[in-house]
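The next block holds one structure in the form of structure tokens; read it before the comments.
By convention here, the first residue in the shown sequence is residue 1. Counting starts at 1 for both ligands and their atoms, in listed order.
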Amino acid sequence: MPGNISKIVKAIIIGAPGSGKGTISSRIVKDFGMKHLSSGDMLRGQILQKTEAGLNAKKYTDKGDLVPDEIMVKLILNEIHSLGNVSWLLDGFPRTVAQAIDLHKSEPVNMVISLNVPFEVIIDRIKGRWTHLPSGRVYNTEFNPPKTPGIDDVTGEPLVQRDDDKPETVRQRLETYNRQTKPVLEYYKNMHLLTEFKGKYTNEIWPRVREFLSTQMITVSSIDYK
Ligand code: ATP
Ligand code: MG
């Protein structure tokens with residue numbers, strides 16, 4: 001029996017802000033052993049470290065606008081190239097068709113998972129969201145609270161409410177998503193790479209995503225046996 005022969009999987013997860021991308025991504029990487037690349041976490045890392053890219057990006061993230069494609073593409077492709085030959089899951093990138101085209105030129109992906117959650121549910125959910133900035137771990141006071149309020153379970157460090165999680169900014173981010181990221185879904189649909197998961201709750205969507213990925217991974221790795 002061949003042991004660990006499996007093909008490298010390059011996947012994207014797309015969904016509106018607060019659609020559960022971060023939570024589902026962390027479950028995917030845990031169960032399927034992929035590397036998680038979150039553009040938002042990367043940007044917040046750059047902002048915390050006050051790098052040039054970070055200071056530049058903050059002007060946009062604070063307003064709920066997208067960071068210019070050029071900055072994003074450079075940041076993400078650098079990170080992907082530094083990983084070497086491993087499976088990865090991109091979360092939060094690409095968010096414009098221009099980014100998708102640039103990614104395709106240099107790193108074509110195998111699959112795109114889209115999370116479709118109603119906007120009313122999202123707006124409600126983000127109100128209770130608390131984030132551990134260094135890791136990107138998220139909690140929700142309503143349905144996924146930390147063991148101690150305001151404290152990260154893993155590190156014991158403080159949790160914060162993100163500057164861009166204020167209700168007006170959330171509305172702006174959802175509009176940006178409709179305008180700039182929806183066309184990315186069309187782009188991947190036309191390439192027959194898109195699978196959509198619809199629902200209100202992460203715990204309802206997750207089993208379906210896991211099921212789908214399990215069958216995909218088998219298909220992908222069996223290609224390698226030939
Ligand atoms: P959530 O974390 O709830 O999924 P989100 O997807 O809006 O919400 P992040 O992915 O953390 O949040 O991104 C935060 C901000 O960083 C975005 O509002 C945007 O300003 C910027 N950003 C992240 N990824 C990109 C990208 N690919 N292109 C342009 N800007 C980006
Ligand atoms: Mg996120």
Side-chain angles (χ1 to χ4, degrees), residues 12-28 36-48 51 53-80 88-104 107 109 112-119 121-140 143-144 159-185 187-188 197 202 205:
I12 295 175
I13 184 163
I14 302 186
S19 59
K21 281 188 310 265
T23 306
I24 291 200
S25 296
S26 61
R27 293 181 189 178
I28 293 175
H36 181 206
L37 298 173
S38 155
S39 58
D41 290 347
M42 269 182 226
L43 280 175
R44 284 183 285 279
Q46 300 278 326
I47 292 170
L48 273 178
T51 64
L55 293 174
N56 227 323
K58 192 165 170 26
K59 292 181 273 188
Y60 302 92
T61 57
D62 276 354
K63 284 190 288 184
D65 292 338
L66 292 186
V67 174
D69 290 336
E70 204 192 299
I71 301 179
M72 282 319 297
V73 169
K74 212 193 259 169
L75 199 67
I76 299 288
L77 288 183
N78 268 341
E79 188 73 22
I80 291 179
W88 44 254
L89 174 71
L90 257 181
D91 153 11
F93 182 96
R95 258 185 166 81
T96 64
V97 173
Q99 292 177 9
I101 291 172
D102 277 353
L103 178 68
H104 186 70
E107 294 282 344
V109 301
V112 180
I113 293 166
S114 132
L115 306 181
N116 183 343
V117 178
F119 280 9
V121 174
I122 288 178
I123 290 169
D124 240 32
R125 189 187 278 178
I126 291 184
K127 286 185 198 146
R129 178 158 79 172
W130 289 77
T131 305
H132 177 244
L133 281 183
S135 69
R137 257 187 301 283
V138 288
Y139 299 86
N140 193 289
F143 53 83
N144 175 30
L159 302 174
V160 298
Q161 286 198 291
R162 272 166 47 182
D163 289 341
D164 59 350
D165 276 352
K166 292 190 237 58
E168 323 81 72
T169 317
V170 170
R171 232 163 273 129
Q172 172 65 31
R173 282 160 63 201
L174 291 172
E175 269 171 38
T176 305
Y177 179 80
N178 269 341
R179 203 174 54 245
Q180 293 184 273
T181 308
K182 283 263 176 80
V184 178
L185 297 179
Y187 174 85
Y188 287 120
F197 297 88
T202 300
I205 294 177

Does an N or O from Y60, backbone or side chain, lie closer than 3.5 Å to an N or O of ligand 1?
no
Does G18, backbone or side chain, put an N or O under 3.5 Å from an N or O of ligand 1?
yes
Specify side chain, backbone, both or neither for T176, according to which of its non-hydrogen atoms lie closer than 4.0 Å to ligand 1.
neither
Take D163 and K166 through the test salt bridge (Lys or Arg N to Asp or Glu O under 4.0 Å) and record every step on the way to the result.
CA-CA 7 Å; D163 289 341; K166 292 190 237 58; 5.6 Å; no
Heavy-atom nearest neighbour of atom 10 (O) of ligand 1 within options Q180, R95, K21
R95
Any K63 heavy atom less than 4.0 Å from ligand 1
no
Under 4.0 Å between heavy atoms, the region of V67 that gets near ligand 1 turns out to be both
Before signing off on this row, confirm whether S39 and ligand 1 have an N or O atom pair separated by under 3.5 Å.
yes
Using heavy-atom distances, let me know which of I71, L174, D165, L43 sits nearest atom 31 (C) of ligand 1.
L43
Considering all heavy atoms, the nearest Q46-T51 contact
OE1-OG1, 2.6 Å
D164 to T61 - nearest heavy-atom pair and separation
CB-O, 3.5 Å
Under 4.0 Å, heavy-atom basis, I'd like to know which part of R162 is in contact with ligand 1: side chain, backbone, both or neither.
side chain
Heavy-atom side-chain proximity of V184 to V112 below 4.5 angstrom
no
Given D91, T61, D41, L75, which one has a non-hydrogen atom that is nearest to atom 15 (C) of ligand 1?
T61
Counting heavy atoms only, which of D65, I47, I14 is nearest atom 19 (C) of ligand 1?
D65
Sub-3.5 Å N/O-N/O distance, F93 and ligand 1
no
Check if P94 has a non-hydrogen atom at a distance under 4.0 Å from any atom of ligand 1.
no
So which heavy atom on Q172 is nearest to which on K63, and how close?
CG-O, 3.2 Å
The residue among R44, R173, R125 that forms salt bridge (charged side-chain N to carboxylate O under 4.0 Å, His left out) with D165 is R173
